[in-house]
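Structure first, commentary second.
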Amino acid sequence: MLKVYNTLTGQKEKFETVEAGKVKMYVCGLTVQNYSHIGHIRSAINYDVIRRFLEYLGYEVDYISNFTDINEKIVKRAEEEGITPAELADKYANAFLEDIREFNIKPADKYLRVSENIDQIIEMVKTLIEKGYAYEVNGNVYFSVESFEDYGKLSGRSLDEMQAGARIAVNEEKENPLDFGLWKKVEAGEGWDSPWGEGWPGWHIECSAMSMKRLGATFDIHGGGVDLIFPHHENEIAQSEAYSGKKFVNYWLHNGTVNLSGEKMSKSQGNFFTSREVLKEFPAQTVRYFLLSRHYRSPIDFSYEKLEEAETSLQRIENARRQLAKVLNLDIESAEDNKENENFFTKVVELKDSFAAALNDDFNTAEAIGVLHDLVGEINSFLNQKDFTLNEKNFAVLEETEEIFLELAEILGLKFELNKAPGADDKLVSPLISLLLELRDRARDNKNWEEADLIRDRLQEIGVEVTDTPRGTEWEIKGKEE
RNA sequence: GGCGGCAUAGCCAAGUGGUAAGGCAGAGGACUGCAAAUCCUUUAUUCGGCGGUUCAAAUCCGUCUGCCGCCUCCA
């Protein structure tokens with residue numbers, strides 16, 4: 001049974017959907033004003049795994065995200081780059097889509113853009129004014145936080161507490177300093193026409209308008225970074241529920257931040273790694289694996305040193321996968337059976353269940369990765385038994401294990417494709433290498449180590465890795481080192 | 001100042017009442033002509049300090065210390 005931690009209640013809750021068998025989820029995307037950084041990628045990977053697991057559980061998932069393509073920052077950045085705001089937004093939205101492909105993140109079913117949903121937003125603002133939740137002053141429209149009884153329920157604050165904090169910029173137009181903008185007046189020619197004059201939507205309103213338009217007044221999951229809880233998501237709840245009179249979202253999920261030396265990575269602080277610069281140093285899968293090695297709600301400290309550790313750890317899993325594939329390629333030697341494979345397979349199935357149980361517990365990917373390593377240990381031990389032979393029963397069991405292994409990895413979005421280097425399947429290359437290795441074997445039989453090593457070393461230089469294993473000499477095209 | 005979170009081995013990290021997963025590094029071993037690779041075993045009487053509840057606490061309560069987040073744009 002799936003349990004998820006809901007920020008709204010501060011507890012893990014049993015997960016039940018509005019509509020049986022279907023999950024409607026909305027994840028706050030980014031303002032497309034620059035290249036994405038690792039913090040954005042963590043968020044995207046996190047919700048990607050959540051989505052994949054929900055699909056694994058059999059749900060039909062409608063996963064929606066957004067691109068904020070209208071605001072001051074975009075205008076400013078566009079001026080800097082000498083292009084129009086729309087071009088800038090397009091450029092970075094496309095860059096983001098390229099980035100997530102690298103990280104094996106499934107794209108959302110739909111990315112909603114503010115610029116394409118202005119009508120919807122205006123309609124919503126209009127209704128909020130009519131219902132008495134919002135007011136217009138000089139072409140600006142504000143939401144009145146005092147008019148919404150439950151204001152503060154997500155972030156666990158009360159209006160009194162927040163006013164005591166008194167770190168809110170003074171704005172004479174607002175009835176209450178905490179009131180937030182729904183519609184913002186801008187210079188002629190820069191915005192959209194509205195009943196209140198030319199302007200832009202406020203930041204928070206877009207997510208409400210677009211998510212409800214696509215997913216309905218009440219939907220299942222709304223996700224984003226913890227730094228969005230207040231004010232962004234708090235405000236979304238206020239305006240959405242004031243508008244529809246219904247509960248907006250059942251489960252609020254928030255992922256932790258990516259930190260650098262303990263400090264939050266963020267654009268405004270200037271302390272961030274873009275995903276692109278990280279990808280120059282490490283494979284995307286390593287980054288993904290690293291980010292999933294910690295529970296999504298906790299902050300994670302980012303460094304290249306940690307990525308190197310993650311790389312080594314990930315290789316252990318990759319090796320097991322490769323060994324498994326190699327063994328499955330061997331000829332079946334005997335029909336004999338031993339009891340070992342039954343014990344082995346029982347454990348494999350148990351681990352499969354443990355893996356699902358880990359993710360069922362608020363998507364605990366760190367624990368799930370631990371289970372994956374346990375599975376690797378079982379596979380290794382089984383394959384490295386002294387008297388291992390590939391009999392029919394072993395083959396069947398290993399084939400099924402491979403399937404389970406790949407299925408679980410797929411939930412985490414990890415791909416373990418076999419190295420299909422160019423030439424590996426070539427009708428000429430393969431026999432040629434086999435021939436060379438035959439010569440090497442003969443040299444070894446004659447204890448002519450010099451010649452044997454020459455063949456191995458020369459093959460290595462060409463990019464063919466030769467490994468002596470208890471099952472005989474194996475080779476693999478690795479390609480040349482760059 | 002207000003609200004919230006976190007503190008587990010050398011490092012990273014799971015674990016929310018039943019006696020400490022997993023990874024990295026380290027140590028030992030297996031395999032090998034050698035090398036590389038790989039594999040196996042092993043590494044916390046203890047969970048920031050103190051006090052309390054309980055038959056039982058890393059897990060609950062109180063308190064102290066340290067770190068972080070939000071309160072302004074932010075994934």
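Convention: sequence-line order gives letters A, B, ...; per-chain numbering from 1. What you see below is based on every heavy atom in this structure, not just the backbone, and it leaves out hydrogens, waters and symmetry mates.
Counting non-hydrogen atoms under 4.0 angstrom, A:His232 reaches nothing in the nucleic acid. Nucleic acid contact class of A:Gly39 (heavy atoms, under 4.0 Å, all strands): base. A:Arg440 comes within 4.0 angstrom of a nucleotide base, judged by non-hydrogen atoms across all strands. Within the 4.0 angstrom heavy-atom criterion, no nucleotide atom of any strand lies near A:Glu305. The residue A:Gly223 sits apart from the nucleic acid: no heavy atom pair falls under 4.0 Å. Residue A:Asp227 is in base contact, counting any heavy-atom pair closer than 4.0 Å across all strands shown. Within 4.0 Å (heavy atoms only), A:Lys306 reaches sugar-phosphate atoms of the nucleic acid but no base atom. No engagement by A:Ile229 is indicated, since no non-hydrogen atom pair under 4.0 Å with the nucleic acid exists.
Taking atom CG of residue A:Asn271 and atom C1' of nucleotide B:C73, one finds them 14 Å apart after rounding to whole Å. Residue A:Leu459 contributes atom CG, which lies 15 Å from atom C1' of B:A35 at whole-angstrom precision. The separation between A:Lys174 atom NZ and B:U72 atom C1' is 10 Å, rounded to whole Å. Regarding A:Asp160, its CG atom lies at a distance of 20 Å from the P atom of B:G1, rounded to whole Å. As rounded to whole Å, 19 Å separates atom P of B:A36 from atom CG of A:Leu454. The CG atom of A:Asp457 sits 11 Å away from the C1' atom of B:C34 (whole-angstrom rounding). In this structure, A:Glu234 atom CD and B:G69 atom P are separated by 21 Å, rounded to whole Å. Atom P of nucleotide B:A30 and atom CG of A:Asp468 are separated by 19 Å, given to the nearest angstrom.
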As a quick check of understanding, evaluate salt bridge (charged side-chain N to carboxylate O under 4.0 Å, His left out) for A:Lys347 and A:Asp374, giving each step before the final call. CA-CA 10 Å; A:Lys347 281 182 195 148; A:Asp374 288 339; over 6 Å; no

Going through the checks in order, is the side chain to side chain contact (heavy atoms under 4.5 Å, CB included) test met by A:Phe67 and A:Tyr92? CA-CA 10 Å; A:Phe67 289 131; A:Tyr92 291 113; over 6 Å; no

Inset, instruction - Could you go through the side chain to side chain contact (heavy atoms under 4.5 Å, CB included) check for A:Met25 and A:Asp220 one step at a time? - result: CA-CA 6 Å; A:Met25 65 188 284; A:Asp220 303 300; 5.9 Å; no

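A:Val32 pairs with exactly one of A:Asp90, A:Asn94, A:Asp69, A:Asn66 by the side chain to side chain contact (heavy atoms under 4.5 Å, CB included) rule, that one being A:Asp69. Each of A:Asn364, A:Ile50, A:Leu408, A:Thr365 was evaluated against A:Leu359; a single residue qualifies, A:Thr365, per the side chain to side chain contact (heavy atoms under 4.5 Å, CB included) test.
To the nearest whole angstrom, the two C1' atoms, one in B:U59 and one in B:C47, are 10 Å apart. B:C68 and B:U41: their C1' atoms are spaced 39 Å apart (whole Å).
Listed by residue number, A:Asn364, A:Ala366, A:Glu367 are the residues of residues 360-369 of chain A with a heavy-atom contact under 4.0 Å to RNA chain B. Within residues 254-262 of chain A, the residues that place at least one heavy atom under 4.0 Å from RNA chain B are, in residue-number order, A:Asn255, A:Gly256, A:Thr257, A:Val258, A:Gly262.
Between B:A75 and A:His40, a contact under 4.0 Å exists linking OP1 or OP2 to a side-chain N or O. For A:Arg294 and B:A13, the shortest distance from a side-chain N or O to OP1 or OP2 is below 4.0 Å. Within the 4.0 Å cut-off from OP1 or OP2 of B:U38, not a single side-chain nitrogen or oxygen of A:Lys326 is found. In this structure, A:Asn319 reaches the B:U38 phosphate: one of its side-chain N or O atoms is under 4.0 Å from OP1 or OP2.
Contact check on A:Glu461 versus A:Arg456 returns no salt bridge, with no Lys/Arg side-chain nitrogen under 4.0 Å from an Asp/Glu carboxylate oxygen. Using a cutoff of 4.0 Å between basic side-chain nitrogens and carboxylate oxygens, A:Asp109 and A:Lys24 are not scored as salt-bridged. One finds no salt bridge joining A:Glu102 and A:Arg276 here, because no Lys/Arg side-chain nitrogen approaches an Asp/Glu carboxylate oxygen to under 4.0 Å.
Side-chain atoms of A:Arg456 and base atoms of B:A35 include a donor and an acceptor less than 3.5 Å apart. Residue A:Asp301 places no side-chain atom within donor-acceptor reach of the base of B:C68, judged by atom type and a 3.5 Å distance cut-off alone.
The A:Lys264 side chain lies nearest to B:C70 when the options are B:C70, B:G33, B:C39. Listed nucleotides B:C34, B:C24, B:C39 differ in distance to A:Asp453; the shortest reach to its side chain belongs to B:C34. Listed nucleotides: B:G33, B:A75, B:A37. Nearest to the side chain of A:Arg444: B:G33.
Two rings, from A:Tyr35 and A:Phe96, have their centers 6.0 Å or more apart.
Shown here, B:A7 forms a base pair with B:U65; the pair counts as Watson-Crick or G-U wobble because both key distances fall under 3.5 Å. Judged by Watson-Crick or G-U wobble contacts below 3.5 Å, the nucleotide B:U32 has no partner.
Environment of CD in A:Glu187: sparse, with no more than 12 heavy atoms of neighbouring residues, nucleotides or ligands closer than 6.0 Å.
Residue pairs meeting the salt bridge (Lys or Arg N to Asp or Glu O under 4.0 Å) criterion with at least one member in residues 25-42 of chain A: none, sequence neighbours excluded.
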